[in-house]
Amino acid sequence: MLDLGFVRTNLALVKEKLALRSAETAALLDSFEPLDTERRAAITEVETLKAQRNALSAQFGQLKREGKDISEIQRQTGSLKDRIAELETAANLADEKLQTILQTIPNLPHDSVAKGSSEDENVVVKTWGDPVQIQDAKPHWEIGESLGILDFERAAKISGARFVVQYGSGARLERALANFMLDLHVREHGYVEVLPPTMVNSRSLFSTGQLPKFAEDLFHCDDKGPYTGEYQDSDHWLIPTAEVPLTNLFRDETIDLSNGNISFCAYTPCYRAEAGSHGRDVRGMIRQHQFQKVELVKFTTPETSYDEHEALTRNAETVLEKLGLPYRRMLLCTGDMGFSSAKTYDLEVWLPGQQTYREISSCSNVESFQARRANIRFKPAGASKSEYVHTLNGSGLAVGRTYLAVLENYQQPDGSVRVPEVLVPYMGGETVLRPQRFGKAVE
RNA sequence: GGAGGGAUGUGUGAGUGGUUGAAACAGGCGGUCUUGAAAACCGCUUUGCCCGAAAGGGCAACGGGGGUUCGAAUCCCUCUCCCUCCGCCA
């Protein structure tokens with residue numbers, strides 16, 4: 001969310017920057033100016049009347065103590081009361097409309113972000129490793145099913161489409177990847193491991209920007225009844241990413257950044273309704289209702305957030321490099337960035353089975369956009385006023401997609417899959433995944 | 001699920017209808033003293049919004065929402081959360 005005063009004094013600039021996302025986005029601000037004027041006029045009038053009422057009340061107390069006549073004041077305040085109530089309603093209405101606009105407009109793109117209207121205009125910042133060309137490369141779902149470690153059919157039976165069951169060495173590979181990533185971030189990159197709830201309330205989802213606009217992408221639990229559009233602190237939603245619980249840890253708090261920025265990482269399941277993606281990526285593990293992810297979140301000062309953004313992105317890249325998975329870093333253009341983000345790098349991993357790069361991580365600096373919604377502040381050294389922190393988040397990495405990237409990049413002509421060297425200790429010494437049935441080796 | 005207690009500023013914690021936006025203490029910041037530090041002493045120390053060029057003035061906020069009243073942190077209703085005990089339970 002942007003600051004009301006900032007939008008008011010920089011309306012032309014804000015419109016211009018929003019137009020870099022899309023024309024429709026900029027149009028959200030069309031009614032801003034008249035509404036803002038209306039709101040302020042109403043507030044000024046209400047507050048004038050309230051000041052009168054307060055003065056009369058003070059007089060009332062005085063007179064009553066002196067035992068004097070109070071009926072005249074009673075009559076005056078009585079007539080003020082109705083007008084105040086009336087005008088207050090008008091002021092609240094204008095304020096709500098304005099708040100709706102502010103809550104619905106996305107973050108402004110940072111100056112370093114390339115202009116563009118769609119993903120076609122994203123910029124390749126760097127490429128690491130050579131895209132492996134494998135003779136008769138198979139997609140991961142074929143590899144996984146023939147090895148007997150992935151089972152999409154039984155997953156469909158017990159849960160429906162867009163789920164998977166993993167068995168034996170396959171299940172262990174998921175756990176190995178997660179442990180490897182967590183250990184790397186904790187031991188070498190300075191993150192603190194967190195195990196957060198994977199259900200959150202709507203107030204949290206508002207703070208990170210998923211609500212109110214993207215409710216249909218989320219799974220809502222109806223234990224407290226259907227979603228009413230209000231931000232409650234007692235309802236439950238399944239998290240779409242650990243960014244939500246991690247960022248909300250410090251909601252409504254003033255945190256201490258005097259000893260440096262705060263970095264958290266967490267391994268959690270993530271749940272996405274995928275309401276708008278019928279027919280896309282229906283095969284395999286690319287797009288699931290449930291997947292696991294190691295998430296990185298940072299709380300920083302405004303001065304350091306862009307350096308930290310580069311560092312966080314490097315932390316995610318390091319996972320791919322240690323796993324030996326070719327990738328490229330994309331700078332998302334203004335038209336392709338997420339709602340809350342000011343600048344986003346996507347990491348795309350090479351998938352030889354599909355002859356394409358696919359997103360495996362998304363690293364964003366959202367500046368103060370979420371901090372303002374979540375009311376997360378810090379006190380700069382020597383300053384008397386607190387300021388909003390900057391928050392950053394990135395996948396480090398999406399484990400499900402890393403898993404399928406390993407299957408496709410390390411597949412062998414005989415149908416087996418080599419285990420990347422760094423994962424061998426996490427696999428109990430297993431160096432090759434061979435055909436198995438419910439975990440038992442088969443010929 | 002049952003019974004009871006509670007929610008106040010950075011923290012602890014007073015305050016049960018009228019200079020209480022809020023005591024006190026702690027913490028933080030500044031100052032005096034000191035070679036320096038500590039101690040002691042003095043001062044400052046919530047946020048959002050509205051009017052205003054500014055100086056300054058005003059409104060609102062004591063978990064959320066609603067009500068009573070001329071006036072609510074204080075009384076009533078309601079919701080949420082936390083704590084204690086009982087029950088159930090991985």
Side-chain angles (χ1 to χ4, degrees), chain A residues 1-9 32-33 35-99 101-103 195 197-207 221 223-237 245 248-259 368 371-389:
Chain A
M1 193 160 70
L2 303 178
D3 177 64
L4 174 66
F6 177 82
V7 175
R8 176 154 62 224
T9 50
F32 179 89
E33 206 160 13
L35 272 175
D36 182 51
T37 307
E38 185 185 330
R39 168 179 173 273
R40 285 195 284 167
I43 287 177
T44 304
E45 202 170 348
V46 168
E47 292 189 350
T48 307
L49 293 180
K50 281 188 177 173
Q52 286 175 24
R53 182 197 62 191
N54 289 348
L56 286 170
S57 278
Q59 237 181 307
F60 184 99
Q62 181 72 27
L63 290 179
K64 195 159 188 197
R65 249 172 276 129
E66 293 168 3
K68 292 183 179 163
D69 179 40
I70 45 143
S71 58
E72 171 60 16
I73 289 178
Q74 233 159 351
R75 194 187 58 75
Q76 287 181 41
T77 50
S79 72
L80 275 179
K81 200 176 178 181
D82 292 343
R83 287 187 59 210
I84 287 175
E86 203 175 299
L87 285 164
E88 201 157 42
T89 306
N92 287 341
L93 191 69
D95 188 61
E96 272 170 36
K97 284 184 191 165
L98 211 57
Q99 285 303 319
I101 291 178
L102 284 177
Q103 290 171 11
L195 203 164
T198 56
M199 295 172 100
V200 295
N201 56 38
S202 44
R203 177 74 175 78
S204 294
L205 287 159
F206 170 78
S207 295
C221 305
D223 57 320
K224 297 288 174 77
Y227 173 50
T228 59
E230 277 172 45
Y231 309 123
Q232 305 174 14
D233 48 24
S234 62
D235 57 351
H236 300 110
W237 302 68
N248 275 278
L249 282 173
F250 294 135
R251 167 147 51 84
D252 293 320
E253 291 189 37
T254 300
I255 58 177
D256 182 8
L257 294 181
S258 60
N259 294 319
S368 59
R372 190 170 287 108
R373 287 172 164 254
N375 189 27
I376 305 171
R377 293 174 296 174
F378 77 107
K379 207 161 201 173
S384 60
K385 269 181 88 81
S386 52
E387 282 181 44
Y388 289 113
V389 301

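A, B, ... follow the sequence lines: proteins, then strands. Residue 1 opens every chain. FYI, side chains are in, hydrogens and waters are out, and symmetry mates aren't considered; it's all heavy atoms of this structure.
- The distance between atom CG of Leu87(A) and atom P of rC49(B), rounded to the nearest whole Å, is 22 Å.
- Among the protein residues, Thr44(A) comes within range of the sugar-phosphate backbone only, with heavy atoms under 4.0 Å from sugar or phosphate atoms but none that close to a base.
- Put simply, CD1 on Ile84(A) is 13 Å from C1' on rA60(B), counting in whole angstrom units.
- The shortest side-chain heavy-atom distance between Leu102(A) and Arg372(A) does not fall under the 4.5 Å cut-off.
- In this entry rU20(B) has no Watson-Crick or G-U wobble partner, no candidate having both defining distances under 3.5 Å.
- When the P atom is used for both rC79(B) and rU20(B), the distance is 35 Å, rounded to whole Å.
- For the residue pair Asn54(A)/Ser57(A), the side-chain donor-acceptor check at 3.5 Å is not satisfied.
- Pair check for rU80(B) finds rA7(B); Watson-Crick or G-U wobble, both atom distances under 3.5 Å.
- When side chains are defined from C-beta on, Asn248(A) does not count as touching Val200(A), because their heavy atoms never get closer than 4.5 Å.
- In this structure, CZ of Arg372(A) is placed 11 Å from P of rG48(B), rounded to the nearest angstrom.
- The shortest side-chain heavy-atom distance between Leu49(A) and Arg53(A) does not fall under the 4.5 Å cut-off.
- Looking only at side-chain heavy atoms (C-beta outward), Leu4(A) and Arg39(A) come within less than 4.5 Å of each other.
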Can you give me the N/O atom pairs linking the protein to nucleotides 80-83 of chain B at distances under 3.5 Å, or say none if there are none?
unit_1	atom_1	unit_2	atom_2	d
rU80(B)	O2'	Asp233(A)	OD1	3.0

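- Expressed to the nearest 0.5 Å, how far OG1 of Thr254(A) lies from CG of Asn375(A) amounts to 7.0 Å.
- Glu387(A) places a side-chain heavy atom less than 4.5 Å from the side chain of Phe378(A).
- Which of rC50(B), rU47(B), rA60(B) sits closest to the side chain of Arg377(A) comes down to rU47(B).
- One distance of note links CD1 of Ile376(A) with CG of Leu249(A); it measures 8.5 Å at 0.5 Å rounding.
- Rounded to the nearest Å, the gap between the C1' atom of rU32(B) and that of rA39(B) is 13 Å.
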Dump the pairs, protein N or O against N or O of nucleotides 68-74 of chain B, anything under 3.5 Å, distances to one decimal.
unit_1	atom_1	unit_2	atom_2	d
rC70(B)	O2'	Ser57(A)	OG	3.1
rG71(B)	O4'	Ser57(A)	OG	3.2

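- Regarding Asp256(A), its CG atom lies at a distance of 12 Å from the C1' atom of rG27(B), rounded to whole Å.
- Within the shown strands, nothing qualifies as a pairing partner of rC62(B) under the Watson-Crick or G-U definition with both distances less than 3.5 Å.
- If you measure from atom CD of Glu387(A) to atom P of rU47(B), you get 12 Å, rounded to the nearest angstrom.
- The partner of rG30(B), taking Watson-Crick or G-U wobble pairs whose two distances both stay under 3.5 Å, is rC42(B).
- Contact between the side-chain N/O atoms of Arg8(A) and the OP1/OP2 oxygens of rC49(B) is not found at any separation under 4.0 Å.
- For rC89(B), there is no paired base (Watson-Crick or G-U wobble, both distances below 3.5 Å).
- Of the P atoms belonging to rA24(B) and rU78(B), the separation is 37 Å, rounded to the nearest Å.
- The partner of rC75(B), taking Watson-Crick or G-U wobble pairs whose two distances both stay under 3.5 Å, is rG67(B).
- Taking atom C1' in both rU74(B) and rA3(B), one finds a spacing of 27 Å when rounded to whole Å.
- Atoms CG (Asp36(A)) and C1' (rC51(B)) sit 14 Å apart, rounded to a whole Å.
- Pairing for rU35(B) is absent, with no Watson-Crick or G-U wobble pair whose two atom distances lie under 3.5 Å.
- The separation of rA22(B) from rU46(B), taken at their P atoms, amounts to 10 Å, rounded to a whole angstrom.
- Remark: Leu35(A) CG to Asp95(A) CG distance equals 10.0 Å, nearest 0.5 Å.
- Comparing the C1' positions of rA26(B) and rG13(B) gives a spacing of 10 Å, expressed to the nearest Å.
- One P atom belongs to rA14(B), the other to rG71(B), and the distance between them is 30 Å to the nearest Å.
- Considering CD of Glu253(A) and CZ of Arg377(A), their distance stands at 11.0 Å, rounded to 0.5 Å.
- Not a single donor-acceptor pair under 3.5 Å links the side chain of Arg8(A) to the backbone N or O of Phe32(A).
- Residue Arg40(A) is the one, among Arg40(A) and Thr48(A), whose nearest nucleotide of RNA chain B lies closer to the 5' end (criterion: closest heavy atom).
- If you take CG of Asp252(A) and P of rU47(B), they are 15 Å apart, rounded to a whole angstrom.
- Nucleotide rU10(B) holds its P atom 10 Å from the CG atom of Asn375(A), rounded to whole Å.
- Straight-line distance between the P atoms of rG1(B) and rU10(B): roughly 34 Å, to the nearest whole Å.
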